[in-house]
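Since the structure comes first, as structure tokens, the remarks are kept for the end.
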Amino acid sequence: IGIIMDGNGRWAKKRFLPVQAGHRAGMKALHKVVEAAGQMGIEYLTVYAFSTENWKRDKEEVDYLMELAVEYFIKEIDEFDRKNVRVRMIGQRDRLPQKVRDAAVTMEERTKDNTGLFLNVALDYGGRDEIVQAVKNIVASGCKAEDVTEELISKNLYTADLPDPDIMVRTAGENRLSNFMLWQNSYAEFIFSDLYWPDCDADFLKWVVEEYQKRDRRYGGRK
Ligand code: FPP
């Protein structure tokens, strides 16, 4: 499952709160949803926490989101390890503040042998950027044109060893992908909800799975 966690700003605005309060509430929702995903036996969850385009926001908001990311990785580390969750950060890395990278590496190292839910946190992530990086790696490896395959491209993405998502969720009433997992989403089922992300919880995730179960997947074939 992939989730585009949208609506933190609107959730805050509705309550006459600063946008930072919305992001903090979003972090709490993420805690609930990750916990529920583990309990429900979901194998892979990838959440869009910061896009390559989010740098355009006010410095204050960007700085706050970076602080929250550090806080999230530090705060959840014991619980993730106890609950057998494996965590990985996907995205560009080198443009992120050092403390975010350090917190992510500590989390990744600590949880790398866990075998339960695999949580990917996308930070400074962009789908097009990911494909550009993959092509650069392939070209740099000296690969011949005739050896380029879909599998080779998949293997060079941040999600190299993960299956493509079955479900792509977006909250807050927006029906677009905003540069998230462009390659991997080729056959995902899209599920949209009007709920703002901070209002999402275990019941929301159950609803998502129930919606998915109503879908008929043919992958371009015929039943
Ligand atoms: C979109 O809401 C949300 C984000 C850009 C950030 C997502 C971040 C979290 C859920 C919080 C914490 C998690 C980590 C690991 C940092 P928006 O602000 O675009 O909402 P709006 O469209 O209503 O303004």
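When a ligand or atom number is given, it counts from 1 through the structure's own listing order.
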How far is [atom] from its nearest protein heavy atom, and which residue and atom is that?
{"atom": "atom 13 (C) of ligand 1", "answer": "Leu30 CD2, 4.1 Å"}
{"atom": "atom 7 (C) of ligand 1", "answer": "Ala49 O, 3.5 Å"}
{"atom": "atom 15 (C) of ligand 1", "answer": "Tyr72 CD2, 3.9 Å"}
{"atom": "atom 4 (C) of ligand 1", "answer": "His23 CE1, 3.9 Å"}
{"atom": "atom 18 (O) of ligand 1", "answer": "Arg57 NH1, 3.0 Å"}

Taking 4.0 angstrom as the limit and counting only heavy atoms of [X], give me the atoms of ligand 1 inside it, by number and element.
{"X": "Met5", "answer": "1 (C), 2 (O), 3 (C), 10 (C)"}
{"X": "Ala69", "answer": "16 (C)"}
{"X": "Arg10", "answer": "21 (P), 22 (O), 23 (O), 24 (O)"}
{"X": "Asn54", "answer": "5 (C)"}
{"X": "Trp197", "answer": "10 (C)"}

State plainly whether the residues [X] and [Y] are in salt-bridge range, i.e. N to O under 4.0 Å.
{"X": "Arg101", "Y": "Asp94", "answer": "no"}
{"X": "Lys32", "Y": "Glu35", "answer": "no"}
{"X": "Glu71", "Y": "Arg24", "answer": "yes"}

Residue selection (non-hydrogen contact nearest atom 20 (O) of ligand 1) among Cys200, Gly9, Ser178:
Gly9
Restricting to heavy atoms, the pick from Val47, Ile3, Ile4, Asn8 nearest atom 8 (C) of ligand 1 would be Asn8
Is a side-chain donor-acceptor pair under 3.5 Å present for [Y] with [X]?
{"X": "Gln133", "Y": "Asn137", "value": "no"}
{"X": "Asp124", "Y": "Trp55", "value": "yes"}
{"X": "Glu67", "Y": "Gln20", "value": "no"}

Other residues, nucleotides and ligands only: do more than 12 of their heavy atoms fall within 6.0 Å of CZ on Arg95?
yes
Check the surroundings of atom CD in Glu43: do more than 12 heavy atoms from other residues, nucleotides or ligands lie under 6.0 Å from it?
no
How are the rings of Tyr48 and Tyr125 set relative to one another: parallel (under 30°), tilted (30 to 60°) or perpendicular (over 60°)?
perpendicular
If you measure from each heavy atom of Glu174 to ligand 1, is any distance below 4.0 Å?
no
Gly7 to ligand 1, any heavy atom closer than 4.0 Å:
yes
